[in-house]
Amino acid sequence: MMGKVHVLMRKEDIDTKKIHEKIVVVFDVLLATSTIVAGLHHGAKEIIPVLHGEEALKEAENRDRNSFVLVGEYEGITLEGFLNPNPLALKEHIQKKTVILSTTNGTVAIRKASFAKHVYAASLLNGKAVARTLCTNHTSDTVILVCAGSAGEFSMEDFYGAGYVLDCLLSEQSCDWEMTDAALVAREFYRGARGCAEDILLSSRVGRMLQRFKMEEDIYFVAERGILDTVPYLDERKTLVKGGEGCYVGYTPS
């Protein structure tokens with residue numbers, strides 16, 4: 001049976017009742033899923049995605065203070081007592097530690113998708129590895145690429161990221177996929193701006209906001225395509241752990 005690929009434009013479009021047997025790939029290119037990919041690549045033990053700061057603090061209760069770091073923002077502002085979810089600066093603080101991560105959009109999208117058969121986190125950084133993982137393990141499944149969006153609105157950079165993964169996916173000689181119209185449009189959008197990753201991210205609404213916070217270096221970093229083979233996936237504890245290119249996830253929610 002041929003696999004099917006669809007793209008959702010916003011996390012709000014996830015129907016939790018319909019995704020139980022689906023494979024979900026979540027994109028929040030600026031910045032949550034890029035931070036997740038980079039964090040696990042740089043040595044974080046695991047990343048716990050939470051809905052908000054209050055849940056993060058509750059998750060931290062009764063843990064050894066040296067075993068975890070709190071990382072979070074809301075609407076671009078770093079939460080009090082938390083580290084900024086800045087992928088470049090974080091690597092100095094997360095070695096062998098649990099990262100409890102709260103973001104406005106990306107972690108919320110991952111939690112909403114957690115009812116799916118399998119959930120992966122994707123960005124431009126690991127797009128090629130994600131595509132190969134889908135080709136290795138899920139060619140008979142329905143795959144939903146979820147663009148987290150921002151404040152309930154469409155985000156251009158997430159759509160571009162989904163298009164990049166689709167372009168990598170369709171470049172795999174051994175894979176054949178049925179694509180919905182939304183998936184076809186995402187791929188064509190990416191192909192039309194293939195060499196413009198930095199421009200896409202810098203010109204997006206979230207990219208402009210991050211520039212106001214002097215985070216241009218992070219934008220340039222997360223605009224790099226296919227440089228990491230880390231494929232984060234959600235395990236049975238609803239925790240993101242490190243998988244590699246082509247990794248197989250054995251967990252299926254009940």
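Every heavy atom of this structure was used, including side-chain atoms; hydrogens, water molecules and symmetry mates were not. What you see is a predicted model; the values in this text were computed from it and never measured.
Open room surrounds NZ on Lys45; 12 or fewer heavy atoms of other groups in view lie less than 6.0 Å from it. Annotation for Gln211: atom CD counts as buried by contact number, over 12 foreign heavy atoms lying within 6.0 Å. Atom CG of Asp181 has 12 or fewer neighbouring heavy atoms from other residues, nucleotides or ligands inside a 6.0 Å radius.
Leu31 is not listed as a side-chain neighbour of Glu73, based on a closest heavy-atom distance of 4.5 Å or more. With contacts defined as side-chain heavy-atom distances shorter than 4.5 Å, the pair Thr180/Val5 does not qualify. Contact annotation: the side chain of Glu217 approaches that of Leu88 to within less than 4.5 Å [non-hydrogen atoms, C-beta and beyond]. Looking at Ile14 and Phe115, their side chains never come closer than 4.5 Å, going by heavy atoms from C-beta outward. Between Leu40 and Ile47, some side-chain heavy-atom pair lies under the 4.5 Å cut-off. At least one side-chain heavy atom of Pro232 sits less than 4.5 Å from a side-chain heavy atom of Val37. Looking at Ser204 and Val29, their side chains never come closer than 4.5 Å, going by heavy atoms from C-beta outward.
Thr78 is linked by a side-chain contact (heavy atoms from CB on, under 4.5 Å) to Asn84, counting only residues two or more places apart in sequence or in another chain. With sequence neighbours excluded, no residue satisfies salt bridge (charged side-chain N to carboxylate O under 4.0 Å, His left out) with Arg225. Applying the side-chain contact (heavy atoms from CB on, under 4.5 Å) rule to Ala109 yields the partners Lys11, Val26, Ala148; only residues at least two apart in sequence or on another chain are considered. Under the rule for a salt bridge (charged side-chain N to carboxylate O under 4.0 Å, His left out), the partners of Arg191 that lie at least two apart in sequence or sit in another chain are Asp167. Taking Phe189 as the reference, Phe159 meet the ring pair (Phe, Tyr, Trp, His ring centres under 6.0 Å) condition, with sequence neighbours excluded. Applying the ring pair (Phe, Tyr, Trp, His ring centres under 6.0 Å) rule to Tyr190 yields the partners Tyr160, Tyr164; only residues at least two apart in sequence or on another chain are considered. Shown here are the disulfide bond (SG atoms under 2.5 Å apart) partners of Cys168, two or more places apart in sequence or in another chain: there are none. The side-chain contact (heavy atoms from CB on, under 4.5 Å) check on Ser203 picks up Met156, with sequence neighbours excluded. For Arg205, there are no salt bridge (charged side-chain N to carboxylate O under 4.0 Å, His left out) partners at least two apart in sequence or on another chain.
With respect to the salt-bridge test (charged N to carboxylate O, under 4.0 angstrom), the residues Arg237 and Glu46 qualify.
For the 3.5 Å distance criterion, the side chains of Thr142 and Glu21 fail to qualify, holding no donor opposite an acceptor.
If you take CG on Leu124 and CD on Glu224, they are separated by 10.0 Å, rounding to the nearest 0.5 Å.
Under the 4.5 angstrom side-chain criterion for Ile, Leu, Val, Met, Phe, Trp and Tyr, the cluster partners of Phe82 are Ile48, Val50, Leu57, Phe68, Leu70, Tyr74, Leu79, Ile100.
The side-chain hydrogen bond (donor to acceptor under 3.5 Å, both in side chains) contacts involving residues 28-39 comprise nothing, where partners must be two or more places apart or lie in separate chains. Residue pairs meeting the disulfide bond (SG atoms under 2.5 Å apart) criterion with at least one member in residues 72-138, sequence neighbours excluded, are Cys135-Cys175.
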